[in-house]
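See structure below.
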Protein chains: 2
Amino acid sequence: MTQPARKRRGSGRTTLHDVAELAGVSAMTVSRYFNNKDGVGIDIQKRISAAIEQTGYVRNVFAGSLASARGRSVGMVIPHIAGGVYAETVQAVTDTLRPFGYQLLLASSNYSTEEEEAAVRAFMGWAPAAIILTGQKRSRKTTELLANASIPVVETWAHRARPQHIQVGFSNPSVGRDCTRYLHERGHRRIVFVHPQRTDDMGANDRASGYEAAMRELDLTPMTFRPQASVLLEAGAEAFRTLTGGRKPADALLFSNDNLAAGALLHGLREKIAIPQACAVMGFGDLSIADKLVPSLTTVRPPRYEMGKIAAMRVIELLRAIEEDSPTSAIARDNLLSYEIVERESA
Amino acid sequence: MTQPARKRRGSGRTTLHDVAELAGVSAMTVSRYFNNKDGVGIDIQKRISAAIEQTGYVRNVFAGSLASARGRSVGMVIPHIAGGVYAETVQAVTDTLRPFGYQLLLASSNYSTEEEEAAVRAFMGWAPAAIILTGQKRSRKTTELLANASIPVVETWAHRARPQHIQVGFSNPSVGRDCTRYLHERGHRRIVFVHPQRTDDMGANDRASGYEAAMRELDLTPMTFRPQASVLLEAGAEAFRTLTGGRKPADALLFSNDNLAAGALLHGLREKIAIPQACAVMGFGDLSIADKLVPSLTTVRPPRYEMGKIAAMRVIELLRAIEEDSPTSAIARDNLLSYEIVERESA
DNA sequence: CTGTTAGCGCCTTCAA
DNA sequence: TTGAAGGCGCTAACAG
């Protein structure tokens, strides 16, 4: 018998053609069934859906994406998956994208713009429908890559005056300002801002500048402190010890993050110092520890989940607009979300 | 002029052929350059790499995967991204896979086997090279899907006697047993196991059974308690209050998780009850709060990162073995990792 | 070590 | 509303 010259064996999985054959229609009709059901007769729809059920057919994403030059994924780069800060944003993105059939491609940059660049480069091969990034600091090359890709780009945890991409974030200076006013309203005057030890947390610097502005508006003298200790909790204790001692002790400490603040509360507990009576303590982040400390920590909850959700929604809207060739101008490019001051016992 | 009947415009991006033309070789050679550099002459390699650099070429994953019927991704389903328990495992998987060029496809099941099934089904279209799941409870359909896919499957956070897939986990009964012995060695005799309120945490049940076995071995009477309060922290307080009161108060509480234990510690702090003097407290999970509480919480650290790392490594080994057609029997199918009892102040 | 040929499975385009 | 033809960009199989 004459066998074909050579034959590549396929993946072995059922294909669109198998389903079409079983349903007694052409492959094209089955393809339409998936892409816009409306264009297929009701009776045929039933036959097709039965055939799909029977064969357990799953569409081959590669073939479809190759043919249509359109990916069914959204790439996302976050600084760090563990640690819980960005996990909620990722969760929101997957939650929001799932109903629309987009698959999340996740990569972690480990806080490095080079690793972010590598991740974006790797994404490109997947022809993602859109890319979601974290923060607003990127390498030149990354910016180039994104520009060339000409796909929607959304920055989460970002808030700048002249955004290059769609951005979703909150204002750190406002956080600093609002916290300062919050403390002022409660009668505190000698309010000190405690920096993190590392200076690479841009958000903290922005909160500090908001604090300084607010203090000046209130005719108070801004005072900042940067602990020496490298461990967060120790640094918090150091700040508390240093700033509440001396001749002119602070009456409120505004910490750049919850871990530092936790260190202060812990110090207070061990030394049996009454907080907030001796000195109020306020943090930022609303980490899971915040409401478990004694006293519970007054802090600021950033819109972690909301940022992911809004980012994903803007992506969906934009993709739909592009597909329908409708104007994208109605889609909000600058999404400034609100944070929440969580009033607890420590301030 | 005769124009071609119809022409689809490509994606517009540079293709393998563009690179090949620029380098003065055939497309196939460039393809080989990517897949096994060794099979290409040194001088040609240089020409190719220059051409890639010049054009900024990125391989189209879809075309490659379609042609080779081999995906360059690994699908992973976890119960919950936010919350931090599984985030570290995900981080480990991405960290480990990245050097090998595999892209992570992440999905969250929200603790539902149906959603897990949907995620696995969605993955199938991406022809993942392997799938990593969490836990050992799955729907019939999922098991079928996996069997039909005939790709490596790894279960993390799993430990069963007759594993269907490669599994990476630790023994919850052993945790219960070891904690019990730990408390016994420190002189505690009236040790009570505190269940979570919800009964769907299989791990907790397994730890309880380990506890019960150990107690019997020690000729002690196992006692368990299930709080009524629905909020974890309140439930922990309730357990502490209930179990340390009465005629025969417990002298050690083994909590099924850190949050419950934190509730107990918090209760102790508020009521000025000395822990561990009045009653020792031990948790499970080593959440970030554990070392920030007062007293700091003695607990068990599950190998969160390690599980992800080992899972990814087994995937890599298996894929390599399959590719090289070498036996896969040497690859460990049952990976039992060790946890660590973290001794702190509370027990 | 390098090139040629054909096809992976789907979708775009055109035609009916 | 449905079908036929061909190509998306790459790689397996074969040939040299």
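Side chains are part of it too, since the values below use all heavy atoms of this structure and drop only hydrogens, waters and symmetry mates. Note that this is a predicted model, so its numbers are computed, not measured. The chains referred to below are lettered A, B, ... by the order of the sequence lines, with proteins before strands, and numbering in each begins at 1.
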Base, sugar-phosphate alone, or nothing: which one does [X] contact when heavy atoms must sit under 4.0 Å apart?
X       : result
A/Tyr33 : nothing
B/Phe34 : nothing
B/Leu16 : base
A/Arg32 : base

Roughly, in whole Å, what's the span from [atom1] in [X] to [atom2] in [N]?
X        : N      : atom1 : atom2 : result
A/Arg72  : D/dC8  : CZ    : P     : 22 Å
A/Gln45  : D/dT1  : CD    : C1'   : 12 Å
A/Phe62  : C/dG9  : CZ    : C1'   : 12 Å
B/Asp43  : C/dT2  : CG    : C1'   : 12 Å
A/Arg70  : C/dT12 : CZ    : P     : 6 Å
A/Trp126 : D/dC10 : CH2   : P     : 15 Å
B/Arg47  : C/dT2  : CZ    : C1'   : 12 Å
B/His17  : D/dG7  : NE2   : P     : 13 Å

Taking the side chain of [X] as its heavy atoms from C-beta onward, which of [options] lies nearest to it?
X       : options               : value
A/Val25 : D/dG3, D/dC10, C/dG9  : D/dG3
A/Leu66 : D/dA4, D/dA13, C/dG9  : C/dG9
B/Ile44 : C/dC11, C/dC10, C/dT2 : C/dT2
A/Ser26 : C/dC11, D/dA4, D/dA12 : D/dA4
A/Ala67 : D/dA12, D/dG7, C/dT2  : D/dG7

So, is [X] near the phosphate of [N], with a side-chain N or O under 4.0 Å from OP1 or OP2?
X       : N      : value
A/Thr29 : D/dT2  : no
B/Tyr57 : D/dG9  : no
A/Thr15 : C/dG9  : no
B/Asn60 : D/dC8  : no
A/Ser31 : C/dC10 : no

Do the side-chain N and O atoms of [X] and [Y] include a donor-acceptor pair separated by under 3.5 angstrom?
X        : Y        : value
A/Asp95  : A/Gln91  : yes
B/Ser139 : B/Glu116 : no
A/Ser109 : A/Ser112 : no

Notebook entry, point to check: Of A/Asn35 and B/Ala27, whose nearest nucleotide on DNA chain C comes first from the 5' end?
Noted result: B/Ala27

Note to self: Quick test of your reading of the model: are B/Glu317 and B/Arg314 salt-bridged, counting only N-O distances below 4.0 Å?
What the structure shows: yes

Check: According to the interplanar angle, ranging from 0 to 90°, do the rings of A/Phe62 and B/Phe62 count as parallel (below 30°), tilted (30 to 60°) or perpendicular (above 60°)?
Finding: tilted

Next item on the list: Test A/Arg138 against every option in A/Glu115, A/Glu114, A/Glu155, A/Glu144 by the salt bridge (Lys or Arg N to Asp or Glu O under 4.0 Å) rule and name the one that passes.
Entry: A/Glu155

